[in-house]
Amino acid sequence: MTTYDFDVLVIGAGPGGYHAAIRAAQLGLKVACAERESVGGVCLNVGCIPTKAMLHAGEQVAAARHAAEFGLTFGEQKLDIAKLNGWKDGIVKKLTGGVSSLFKANKVTHLQGQASFLDDHTVQVGEKTYTAGSIIIATGSEPARLPGIEVDQVQIVDSTGALVMPDPVPARMLCIGGGVIGFEFAHVYTNLGAQVKVIEFAPSIIPGADADAVKAFQKAMEKQGISIAVQHKANRAEKKADGVHVEIENVQTGEKKVEVFDRVLVAVGRRPRADGLNAEKAGVTVTERGFIPADKQQRTNAPHIYSIGDVAGNPMLAHKAMKEGLVAAEVIAGKPAEQDAVAIPGVVYTSPELAWVGLTEAEAKEKGYDVKTGNFPFSASGRAMTLQQTDGFVKMVVEKGTDLLLGVHIVGPHASDMLGEAGLALEMAATASDIALTVHAHPTLGEAVLEAAEAVHGQAIHIMNR
Amino acid sequence: MTTYDFDVLVIGAGPGGYHAAIRAAQLGLKVACAERESVGGVCLNVGCIPTKAMLHAGEQVAAARHAAEFGLTFGEQKLDIAKLNGWKDGIVKKLTGGVSSLFKANKVTHLQGQASFLDDHTVQVGEKTYTAGSIIIATGSEPARLPGIEVDQVQIVDSTGALVMPDPVPARMLCIGGGVIGFEFAHVYTNLGAQVKVIEFAPSIIPGADADAVKAFQKAMEKQGISIAVQHKANRAEKKADGVHVEIENVQTGEKKVEVFDRVLVAVGRRPRADGLNAEKAGVTVTERGFIPADKQQRTNAPHIYSIGDVAGNPMLAHKAMKEGLVAAEVIAGKPAEQDAVAIPGVVYTSPELAWVGLTEAEAKEKGYDVKTGNFPFSASGRAMTLQQTDGFVKMVVEKGTDLLLGVHIVGPHASDMLGEAGLALEMAATASDIALTVHAHPTLGEAVLEAAEAVHGQAIHIMNR
Amino acid sequence: RAQANAQATAPAAQPARADGRVLAVPAARQLARELNLDLTRVQGSGPNGRIRVSDVLAHQQAQTPAQVPTQAQAASATPARGQ
Ligand SMILES: Cc1cc2nc3c(=O)[nH]c(=O)nc-3n(C[C@H](O)[C@H](O)[C@H](O)COP(=O)(O)OP(=O)(O)OC[C@H]3O[C@@H](n4cnc5c(N)ncnc54)[C@H](O)[C@@H]3O)c2cc1C
Ligand SMILES: Cc1cc2nc3c(=O)[nH]c(=O)nc-3n(C[C@H](O)[C@H](O)[C@H](O)COP(=O)(O)OP(=O)(O)OC[C@H]3O[C@@H](n4cnc5c(N)ncnc54)[C@H](O)[C@@H]3O)c2cc1C
């Protein structure tokens with residue numbers, strides 16, 4: 001019988017990788033996790049977490065302004081940008097340090113260095129070579145590039161560069177790409193005083209979200225001063241003394257215009273990252289676009305090699321990576337785990353937030369469902385009023401006849417918090433009635449979820465039903 | 001066949017009453033709702049809503065202070081108390097106006113005046129007399145009084161008086177009663193600058209909440225400067241030139257001490273309100289303590305007379321009143337409705353919030369359950385860090401063997417938002433595994449619910465499991 | 001032996017719980033009331049015998065085998081869903 005150095009070797013210590021490593025260790029396996037940069041991956045270092053810190057800071061600036069509504073005013077406001085960047089970095093350090101501690105406590109061996117396959121059981125990490133019975137590829141993704149627009153991380157940045165707020169805050173900012181990342185940064189920079197423009201090539205911003213929700217979200221963003229142009233693209237950018245000159249093209253009319261910005265963010269998507277991995281030496285299939293596909297047990301075409309997270313496929317979201325990491329670890333430990341999630345939630349952490357889980361109305365119809373919907377606006381929510389955040393609504397997509405919940409789409413305060421109920425409801429195959437019959441505490445934002453479920457049946461209390 | 005003026009006459013337009021009236025109308029019945037004061041009842045006028053508005057204002061003051069942590073500072077801060085009171089009143093007006101509009105739109109006849117029974121189908125409202133096939137009693141509750149301490153609504157107030165913030169904010173405040181209402185006001189006044197003391201007769205604050213949660217909650221409140229004394233009572237209060245002199249007694253040692261305050265809040269509970277109703281003329285039983293009990297269909301001993309909300313029994317909470325209102329209306333309309341809620345959630349809307357639904361650990365054990373628990377602290381939550389609110393935890397109470405969820409207890413940011421998932425889980429008879437297997441968006445506070453469920457199985461990722 | 005067989009094919013409904021609670025989702029409880037069925041006699045198909053709407057419908061169908069299936073009963077099995 002062959003003995004390997006490790007039962008499991010995980011490549012990449014992002015959310016996918018570190019979840020896989022820790023769960024495998026919890027299940028009694030001997031685990032190593034190779035990472036060439038910093039544990040925590042994109043998510044903790046330059047993704048989910050630092051963006052949320054910046055968003056919170058920006059929202060506090062906005063909240064201080066809105067406080068005048070109830071009589072609270074302030075003298076001159078000062079933002080110490082160095083301190084802001086430092087605070088954000090402190091949170092990142094705390095969390096990445098936490099993952100390192102968890103590795104130690106769970107006896108996961110952390111291997112620092114670039115990992116590449118030598119064969120299907122052997123991986124070189126830095127100068128050393130290790131063998132493992134099972135290998136999990138969790139190498140993540142990186143920002144996609146845009147031809148003609150070269151990122152210098154100062155004037156022209158990708159999401160990583162955008163996380164370092166310059167002092168002073170740029171006056172004119174362009175976000176190329178109207179997806180989740182583009183809008184989160186647009187929101188931060190707007191709240192901190194920039195004049196922000198977002199351009200999006202597609203006919204609609206936030207691809208994948210429900211059309212009604214996107215409409216309400218766009219309106220809220222525009223109300224806050226963000227200028228949005230769909231079906232526009234950036235052709236090239238030139239750095240001059242007065243700023244970055246960007247040629248922007250209306251893709252419908254072909255009209256071109258040059259506009260000048262102090263900072264340009266390129267946020268046009270992400271691409272899987274498998275460079276230097278030498279997956280072919282292990283016989284692992286890499287698609288033309290760079291993904292390493294996996295089945296429901298997260299197995300690649302090589303049955304003892306697993307692929308999880310962004311490199312495994314869309315949607316590129318941390319919680320999908322985490323789930324897949326747990327599944328891979330449990331499968332290796334001989335458990336009957338499966339990535340069988342009914343739906344993967346999505347969130348834009350702006351204010352209002354846009355959050356959804358399950359099918360959009362359009363997707364449900366496409367799939368052949370006979371659909372009914374229920375909406376409840378936060379303008380009718382007492383809790384939202386007391387929080388000074390009444391923009392948005394909850395929209396519920398339900399199958400007619402069976403009353404089965406298919407999707408929940410929320411624009412509003414704390415929308416991401418309400419995904420807990422929505423996500424569980426979908427996984428439990430709940431009906432709109434199950435939600436409508438459940439007592440929701442008053443006054444909470446969650447009552448809007450309840451009322452949207454009632455609205456499906458024409459029985460919401462605080463609005464007139466259609 | 002007798003014809004009545006109305007199919008249903010609802011007495012009281014609080015949350016119980018107006019939900020009952022609107023649902024009955026939605027179901028095609030001819031409905032009237034009598035109210036002697038203002039529609040919306042305690043909840044909208046002097047309860048749930050205005051307290052939450054004040055709490056939000058107080059929290060914004062605290063948030064502005066905490067913003068220094070990430071580099072945001074302000075010059076001199078001013079609070080225009082008149083504007084604060086006006087803003088709060090504006091929200092109340094909007095919501096009560098909303099209920100009036102909903103009455104009109106649903107064709108509910110609003111009868112202004114004191115209602116009292118003439119017989120079991122006849123009710124006098126003001127000067128006029130109306131008959132109805134079914135009658136719903138929804139007369140609510142009022143603050144309990146404390147002998148020796150007379151409320152003047154200026155220096156010595158009950159919850160209604162406490163809602164009007166004086167200018168300047170009182171420097172020294174005493175809350176008699178360490179329940180939900182006492183702590184919500186303590187928190188508001190503390191955030192606005194008062195030095196607040198809370199005394200509670202019982203050995204523990206927030207009766208009904210889980211002991212671990214109460215402990216963490218108390219610690220958080222004390223950290224914010226609230227001084228808390230359990231097993232203390234106020235014997236009498238005397239108004240003098242320098243303030244209200246209150247004799248406070250340690251009920252364990254019998255030791256008495258006089259302390260001086262600028263404002264004293266009496267928040268020692270609420271009592272059912274059935275005065276002037278003449279329930280006996282309808283043959284309806286009123287208990288010694290003043291409650292009008294009802295069965296699961298909300299029927300009193302007189303089968304066509306229903307009782308809902310605070311007057312029907314504990315817990316005195318708006319969402320319980322609403323649920324009972326809907327049940328009564330549906331039963332009258334011939335639907336097989338029943339107040340069959342597995343659990344009624346409770347919330348203290350401070351910061352951190354304390355929120356729970358279902359059995360406490362102690363209650364579960366008392367009921368004979370073999371219990372296991374899982375805890376996850378917000379200090380290990382990335383989202384909580386970015387929100388600058390890491391106090392507290394999620395605690396899950398689960399039945400051993402079956403893994404059935406019995407209760408969820410949360411101290412932390414947005415705890416009330418997380419009740420949505422917890423409440424649905426209880427109603428759906430979900431197991432801890434159901435929650436643990438559900439993908440929760442990252443980074444959200446709801447991940448703490450997920451991790452508490454994993455912790456039940458010794459498999460939380462971001463903490464070391466016991 | 002025959003008895004054991006009968007029990008195997010028609011298993012007892014969920015065991016009584018410490019607090020007397022019957023494990024059923026809210027919509028199933030509602031439906032049982034609508035159909036005037038005793039939930040304690042319904043066999044739940046979920047974990048711990050948790051009763052879903054389809055279980056209530058299946059129970060009702062078993063109670064009234066002679067009747068022509070109603071629309072609701074016809075929907076009692078879980079058909080493969082559109083996807
Ligand atoms: C600005 C921004 C904001 C985001 N916000 C959110 C959000 O709010 N919510 C959300 O769900 N998702 C968010 N995402 C997406 C999220 O960050 C990713 O989905 C997630 O990080 C994917 O996890 P992963 O484990 O697959 O890979 P990654 O996090 O990309 O980690 C892969 C790790 O592998 C290492 N690695 C790669 N190749 C090798 C090699 N050959 N040898 C050794 N190590 C290697 C890398 O250094 C990296 O640390 C955001 C992304 C960005 C850019
Ligand atoms: C400060 C405070 C904060 C609170 N916060 C919360 C909270 O956050 N969440 C929560 O769930 N609960 C809260 N509550 C409790 C909540 O307000 C009550 O549970 C709820 O209002 C009860 O509703 P109800 O319909 O039974 O009665 P009520 O709201 O008391 O309404 C009864 C109505 O009936 C009218 N009435 C009475 N007798 C007659 C008569 N004979 N004729 C005509 N009209 C009559 C009254 O004028 C009143 O409008 C709070 C209470 C207080 C005091």
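Just so it is clear, the model here is predicted, and its values are computed rather than measured. To find a chain, count down the sequence lines: A is the first, B the second, and so on, and within it residues start at 1.
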### Sub-6.0 Å ring centroid separation between A/His19 and B/His442
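So the answer is no for these two rings.
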### Task
Could you have a look at A/His440, A/Glu447, A/Met428 and say which one has the most heavy-atom pairs with chain B under 4.5 angstrom?
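So the answer, after comparing A/His440, A/Glu447, A/Met428, is A/Met428.
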### Message
Quick check on the interface: out of A/Glu76, A/Lys83, A/Glu69, who has the most heavy-atom pairs with chain B under 4.5 Å?
### Response
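Highest number of pairs under 4.5 Å: A/Lys83.
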Need one label for [X]: side chain, backbone, both or neither, based on atoms under 4.5 Å from any heavy atom in chain B.
| X | result |
| --- | --- |
| A/Lys94 | side chain |
| A/His66 | neither |
| A/Ala57 | both |
| A/Met418 | neither |

Using heavy-atom distances under 4.5 Å, tell me whether [X] contacts chain A through its side chain, its backbone, both, or neither.
| X | answer |
| --- | --- |
| B/Gln26 | side chain |
| B/Val449 | neither |
| B/Leu419 | side chain |

### Query
Using 4.0 Å as the upper bound for N to carboxylate O, is an ion pair formed by A/Arg23 and B/Glu454?
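Yes, this pair counts.
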### Query
Does the pair A/Glu59/A/Lys52 count as a salt bridge with the N-to-O cut at 4.0 Å?
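Salt bridge absent between A/Glu59 and A/Lys52.
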### Query
A/His56 vs B/Phe70 aromatic rings, parallel, tilted or perpendicular, using cut-offs 30° and 60°?
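Ring orientation of A/His56 relative to B/Phe70: perpendicular.
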### Message
Could you check whether any side-chain heavy atom of A/Val188 comes within less than 4.5 Å of a side-chain heavy atom of A/Met165, counting everything from C-beta outward?
### Response
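SC-SC contact between A/Val188 and A/Met165 confirmed.
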#### Entry: No-hydrogen, no-angle side-chain donor-acceptor test under 3.5 Å, B/Glu353 and B/His414
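Note: B/Glu353 and B/His414 side chains miss the donor-acceptor criterion.
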